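Position 1 is the first residue of the sequence; numbering continues from there. Just so you know, these numbers come straight off a predicted model, no measurement behind them. Values below: all heavy atoms of this structure, side chains included; hydrogens, waters and symmetry mates excluded.
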Amino acid sequence: MTNVRIYREGRKIKAIEVEGHSGYDEYGKDIVCSALSTVVQMVELGIREVLKCSGYDVKQDKERGFMGIYLLDSEDCEKAQILLETAAKSLKAIENGYSDYVKVWEVAHND
């Protein structure tokens, strides 16, 4: 099971974390893990390469199937909200199609 946590401060997304292997299929053939990874990696590339934001951090641990994107400076990355909201909707759509393998949690974020 893959757990996705979307941390919000008010209406804004402050972080997205994806953790765990879905178990849909064996490693290298798992379309659910592939879809989740693609969404999160697209957001990270968009923030870094397209928006050129500096106020964010990424953490990864391939062993446990973890990737997290964290906004640190909301003014620098204001446009990143569009990418993050799109990712949240995409991740929820994957959950709707593969609910035995993915669970998405919305979490109120407190600094």
Side-chain angles (χ1 to χ4, degrees):
M1 172 73 72
T2 301
N3 287 296
V4 177
R5 288 174 298 284
I6 300 167
Y7 294 92
R8 290 189 182 270
E9 188 174 274
R11 296 183 59 168
K12 293 187 177 186
I13 295 176
K14 298 298 283 181
I16 293 179
E17 295 178 333
V18 178
E19 182 173 21
H21 299 288
S22 75
Y24 180 80
D25 203 340
E26 64 185 74
Y27 183 80
K29 295 181 179 180
D30 193 323
I31 62 170
V32 175
C33 277
S34 179
L36 295 168
S37 295
T38 299
V39 169
V40 177
Q41 289 173 10
M42 182 274 310
V43 170
E44 196 272 329
L45 282 169
I47 291 171
R48 178 171 38 98
E49 298 292 327
V50 177
L51 298 176
K52 302 203 184 298
C53 295
S54 59
Y56 79 101
D57 190 21
V58 174
K59 292 187 169 72
Q60 282 187 298
D61 183 341
K62 290 184 182 185
E63 182 94 8
R64 66 181 180 137
F66 177 84
M67 183 172 181
I69 299 173
Y70 309 90
L71 289 187
L72 307 172
D73 179 356
S74 60
E75 283 188 32
D76 178 47
C77 292
E78 189 64 33
K79 291 180 182 175
Q81 285 302 311
I82 295 168
L83 294 173
L84 292 165
E85 286 294 346
T86 302
K89 296 214 179 287
S90 297
L91 294 165
K92 288 175 185 176
I94 295 167
E95 176 191 35
N96 287 337
Y98 298 93
S99 60
D100 289 343
Y101 305 96
V102 180
K103 179 64 181 157
V104 177
W105 308 89
E106 292 260 352
V107 181
H109 177 77
N110 297 316
D111 287 332

Closest approach of [X] to [Y] (non-hydrogen atoms, all atoms of both residues):
{"X": "Ala88", "Y": "Ile13", "result": "CB-CD1, 4.0 Å"}
{"X": "Arg48", "Y": "Leu45", "result": "NH2-CD2, 3.1 Å"}
{"X": "His21", "Y": "Arg64", "result": "NE2-C, 4.0 Å"}

| field | Pairs where residues 83-92 contributes a residue and the test side chain to side chain donor-acceptor pair (under 3.5 Å) is met, not counting sequence neighbours | value | Arg8-Glu85, Lys92-Glu106

Co-membership, hydrophobic cluster, residues [X] and [Y], 4.5 Å side-chain:
{"X": "Leu84", "Y": "Met42", "result": "yes"}
{"X": "Val58", "Y": "Val39", "result": "yes"}
{"X": "Ile6", "Y": "Met1", "result": "no"}

Side chain to side chain, [X] and [Y], heavy atoms closer than 4.5 Å:
{"X": "Leu71", "Y": "Gln81", "result": "yes"}
{"X": "Val43", "Y": "Ile16", "result": "no"}
{"X": "Leu83", "Y": "Val50", "result": "no"}

Look up atom [atom1] in [X] and atom [atom2] in [Y], then write down how far apart they are to the nearest 0.5 Å.
{"X": "Glu78", "Y": "Lys12", "atom1": "CD", "atom2": "NZ", "answer": "3.5 Å"}
{"X": "Glu17", "Y": "Trp105", "atom1": "CD", "atom2": "CH2", "answer": "14.0 Å"}
{"X": "Gln41", "Y": "Met67", "atom1": "CD", "atom2": "CE", "answer": "5.5 Å"}

| query | Taking only residues two or more places apart in sequence, or in another chain, which ones meet Ser22 in a side chain to side chain contact (heavy atoms under 4.5 Å, CB included)? | reply | Thr2, Tyr24, Asp30, Val32, Cys33, Tyr101

| Excluding sequence neighbours, so at least two apart, what forms side chain to side chain contact (heavy atoms under 4.5 Å, CB included) with Arg11? | none

| message | Would you say CD1 of Ile31 has more than 12 non-hydrogen atoms from neighbouring residues, nucleotides or ligands within 6.0 angstrom? | response | yes

| request: Under the side chain to side chain contact (heavy atoms under 4.5 Å, CB included) rule, what do Arg5 and Glu19 come out as? Steps first, then yes or no, please. | output: CA-CA 9 Å; Arg5 288 174 298 284; Glu19 182 173 21; 3.0 Å; yes

